[in-house]
There are 2 protein chains.
Amino acid sequence: MKDVAQHAGVSTATVSRVLNGHAAPTPETRERVLAAIEELGYRPNALARSLRTTSTQTLGLVISDLLNPFFAEIARAVEDEARSHGYCVVIGNADESAEQEATYVRTLLDRRVDGLLLCPATDDPSLVREVSAGGVPLVLLDRTVRGATCPVVRADGSEALTALARRLVGAGHSRIGVIAGPPDTSTGRERTDVLTTALGGVAHVVHGDFRQESGSQAAAKLIDDGATALVVMDNLMGLGALGEIRARGLQIPHDIAFAVFDDQPWFPLLDPPITVIAQPTVEMGRAAARSLLALINGRQPDDVRLTAKLVLRGSCGEAEL
Amino acid sequence: MKDVAQHAGVSTATVSRVLNGHAAPTPETRERVLAAIEELGYRPNALARSLRTTSTQTLGLVISDLLNPFFAEIARAVEDEARSHGYCVVIGNADESAEQEATYVRTLLDRRVDGLLLCPATDDPSLVREVSAGGVPLVLLDRTVRGATCPVVRADGSEALTALARRLVGAGHSRIGVIAGPPDTSTGRERTDVLTTALGGVAHVVHGDFRQESGSQAAAKLIDDGATALVVMDNLMGLGALGEIRARGLQIPHDIAFAVFDDQPWFPLLDPPITVIAQPTVEMGRAAARSLLALINGRQPDDVRLTAKLVLRGSCGEAEL
DNA sequence: GCGCAGAAGTTAATCGATTACACACCTATG
DNA sequence: CATAGGTGTGTAATCGATTAACTTCTGCGC
């Protein structure tokens with residue numbers, strides 16, 4: 001920057017003013033500075049700028065698993081929204097581990113992100129408190145924690161789950177296997193609670209860990225226990241469960257009915273296509289980014305609750321269109 | 001930091017020494033400083049540190065599309081490898097757009113990443129030159145550019161493609177549709193060249209853009225043209241092509257043989273399971289990260305060429321296991 | 001011709017760390 | 001006992017930007 005100033009025959013203050021579009025500099029001075037910048041190929045040092053202004057124009061996003069397309073879509077949406085407001089997003093991959101999550105959150109805070117979006121790995125509010133104590137704007141996404149005091153953006157699947165339960169029971173299923181998320185995540189618990197309540201006494205719940213492998217294991221167990229229908233609470237576990245069903249040579253929906261929470265582009269390609277509860281991932285991501293930006297700008301956004309929708313495709317034996 | 005120093009009754013220099021594990025400070029002083037840090041909940045400002053040391057311990061990774069599981073896996077692998085060496089990764093999503101790619105690269109450079117991993121959207125070497133001119137370590141991943149002078153990490157599918165071609169021709173196909181990537185990407189061109197050469201004259205090539213929609217369109221066109229086999233050069237376009245095949249009610253492999261470049265966890269679940277050419281994504285990501293770290297540490301890593309493998313599953317009419 | 005307002009630009013402090021150099025003190029040595 | 005060498009800390013410069021406060025210049029009114 002000093003070089004540029006010298007080259008243009010002005011002070012660094014003037015260069016800075018040109019860079020930041022201040023009113024002061026003469027069009028002529030501005031021209032000279034821009035020419036010098038061009039000539040020297042100067043690029044401002046964002047670190048120094050941020051250090052001085054205490055603003056990085058960056059949001060942190062800590063998600064549970066990049067390989068889960070659900071989170072990948074969310075990440076994409078967050079990024080789009082953030083970019084359109086002149087912000088960058090740094091993504092941290094917690095890998096469903098509370099410890100790695102904490103590490104990432106701290107790293108991002110150390111780098112002074114202007115705000116943080118978090119899909120918490122567990123219910124435990126201590127990390128959230130730590131962030132809030134640091135005064136960093138925080139929005140929770142997809143999952144919440146006990147006694148959260150910050151805005152939360154999530155999808156509500158109650159209606160869809162209830163409708164699904166009615167259909168399954170209506171179709172005469174009396175042993176319905178539920179592959180749930182970990183009991184110490186809000187989504188793991190809430191979805192399961194709603195579904196089991198709606199199902200009355202016919203639900204058999206096995207908890208997985210939102211990974212494919214746990215889906216196969218849970219499916220194996222539930223099928224052994226005589227389940228005639230399987231509802232899986234996440235797409236990765238759904239993948240695992242499907243593998244197990246195939247491996248046993250069972251026919252959907254004849255031998256076993258099947259539904260998954262989370263839609264995926266390839267579910268319609270299966271035979272039969274898979275009935276799902278689709279979450280509005282893109283809207284979730286965008287809404288979360290918007291809430292966070294609002295918080296950064298000193299406003300107090302409300303919680304956002306979007307609705308997940310039941311998409312019937314045939315894997316539960318329903319009439320196809 | 002000043003507060004911590006005051007609290008512990010030492011100078012900031014000593015605090016810094018404790019923080020950075022220098023030999024100097026007495027165990028007793030060290031204790032006092034650590035206590036003060038603990039008590040005040042102090043966290044060092046990474047921006048200031050980086051400004052002073054000119055090292056951010058951060059790698060930039062610019063990929064074409066986060067929603068493409070192929071790149072998501074790579075990103076994951078890069079991140080793992082980087083973390084194990086004490087580095088963070090900032091991911092930029094270029095969305096297959098050269099313009100957005102350039103924007104991201106510049107943003108990352110402005111933030112002074114220690115090195116950059118790039119999956120270039122096009123062949124055009126100008127962006128690569130710009131980075132090199134800035135003296136920032138750079139490694140290309142998956143794709144290369146014309147006249148690249150930096151290390152490149154990619155998968156070689158020649159053998160697998162040739163083997164696949166032999167099988168298709170051997171099975172009597174005489175109109176084989178190829179859905180290729182854009183001709184201005186190295187992977188788009190090279191894979192297609194190898195395959196068409198191996199197929200002799202029976203290939204009909206349509207170029208897509210690595211997106212699902214273009215896969216359906218290309219498939220439609222090729223099927224209309226009487227193709228009895230379809231080879232798709234990327235999993236997203238594969239998804240689109242499969243949708244088109246399903247929509248027309250065609251049976252794989254009876255009506256049409258089908259194979260995809262890139263494996264996906266759900267391909268084995270289709271009926272029949274999809275024959276693929278699997279790329280070693282995790283190894284690619286790790287190798288790229290390692291090469292970049294080597295470059296950062298002043299070594300000159302060689303190009304890495306991993307091999308993609310043909311996985312026969314039945315969708316080309318081959319005998320199943 | 002004088003004073004003064006307003007514009008354009010400069011000087012220098014600042015953000016929060018790192019680190020070369022200086023300094024004080026302590027021991028071992030000839 | 002003077003001196004050399006080592007050890008633990010403090011002082012202050014530095015990284016590259018922003019910006020408050022100040023200076024200089026211009027033009028205008030009376």
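Per chain, numbering begins at 1; letters A, B, ... match sequence-line order.
In this structure, A:Thr14 contributes its side chain and A:Val10 its backbone to no donor-acceptor pair below 3.5 Å. A donor-acceptor contact shorter than 3.5 Å links the side chain of B:Asp114 to the backbone of B:Gln57.
Between A:Ser64 and A:Phe210, the closest side-chain pair of non-hydrogen atoms is not below 4.5 Å. Annotation: side chain of B:Asp110 is not in contact with side chain of A:Asn45 (no heavy-atom distance under 4.5 Å).
Summarising the geometry, the separation between CG on A:Asp110 and C1' on C:dG16 is reported as 13 Å, rounded to the nearest angstrom. When the P atom of D:dA17 is taken as reference, atom CG of A:Leu19 falls 8 Å away, rounded to whole Å. Following rounding to the nearest Å, B:Leu47 (CG) and C:dT18 (P) show an atom-to-atom distance of 13 Å. The distance between atom CZ of A:Arg32 and atom C1' of C:dA8, rounded to the nearest whole Å, is 11 Å. As a whole-Å value, the separation of B:Gln6 CD from D:dT11 P is 12 Å. Between B:His22 atom NE2 and D:dG8 atom P there is a gap of 14 Å when expressed in whole angstrom units. Between the P atom of C:dA17 and the CD atom of B:Gln57 lies a distance of 17 Å, rounded to the nearest Å. C:dA13 atom C1' lies 12 Å from atom NZ of B:Lys2, rounded to whole Å.
Side-chain atoms of B:Asn93 and A:Asp80 include no donor-acceptor pair closer than 3.5 Å.
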Derivation and outcome, salt bridge (charged side-chain N to carboxylate O under 4.0 Å, His left out), residues B:Glu79 and B:Arg286: CA-CA 8 Å; B:Glu79 220 232 321; B:Arg286 300 197 94 96; over 6 Å; no
Check against side-chain contact (heavy atoms from CB on, under 4.5 Å), A:Leu293 and A:Arg299: CA-CA 9 Å; A:Leu293 290 169; A:Arg299 276 170 284 137; over 6 Å; no
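Residue-level contact check: A:Thr53 touches the backbone only, with heavy atoms under 4.0 Å from sugar-phosphate atoms and none from bases.
Using a 4.0 Å cut-off, some side-chain N or O of B:Thr26 falls inside it from OP1 or OP2 of D:dT9. Within the 4.0 Å cut-off from OP1 or OP2 of C:dA8, not a single side-chain nitrogen or oxygen of A:Thr14 is found. For A:Thr29, no side-chain nitrogen or oxygen approaches OP1 or OP2 of C:dA8 to under 4.0 Å. Here A:Asn45 does not reach the OP1 or OP2 of D:dC15: none of its side-chain N or O atoms lies under 4.0 Å away.
Side-chain proximity of A:Arg17 to D:dA17, D:dA21, C:dA17: nearest is D:dA21. The nucleotide whose nearest atom lies closest to any side-chain atom of B:Leu51 is, among C:dT18, C:dG9, C:dG16, C:dG16. With distances taken from any side-chain atom of B:Arg49 to the nucleotides C:dC21, C:dT18, D:dA17, the minimum falls on C:dT18. The side chain of B:Thr12 sits closest to D:dA12 out of D:dT18, C:dA17, D:dA12. Nearest to the side chain of B:Ala13, among C:dT10, D:dG16, C:dT19, sits C:dT19. Each of D:dA20, C:dT18, C:dC21 was ranked by its minimum atom distance to the side chain of B:Arg52; first place goes to C:dT18. Listed candidates were C:dA17, D:dT9, C:dT10. Nearest to the side chain of A:Val10 is C:dT10.
Comparing B:Pro27 and B:Ala48 against DNA chain D, the residue whose closest nucleotide sits nearer the 5' end is B:Pro27. In terms of position on DNA chain D, the residue among B:Arg112 and B:Gly9 whose nearest nucleotide sits closer to the 5' end is B:Gly9.
With B:Ser16 as the fixed residue, the side chain to side chain contact (heavy atoms under 4.5 Å, CB included) test singles out one of B:Met1, B:His22, B:Arg52: B:Met1.
Within the helix from C:dG1-D:dC30 to C:dG30-D:dC1, the inter-axis angle between the opening and closing five-pair segments is 70°, rounded to 10°.
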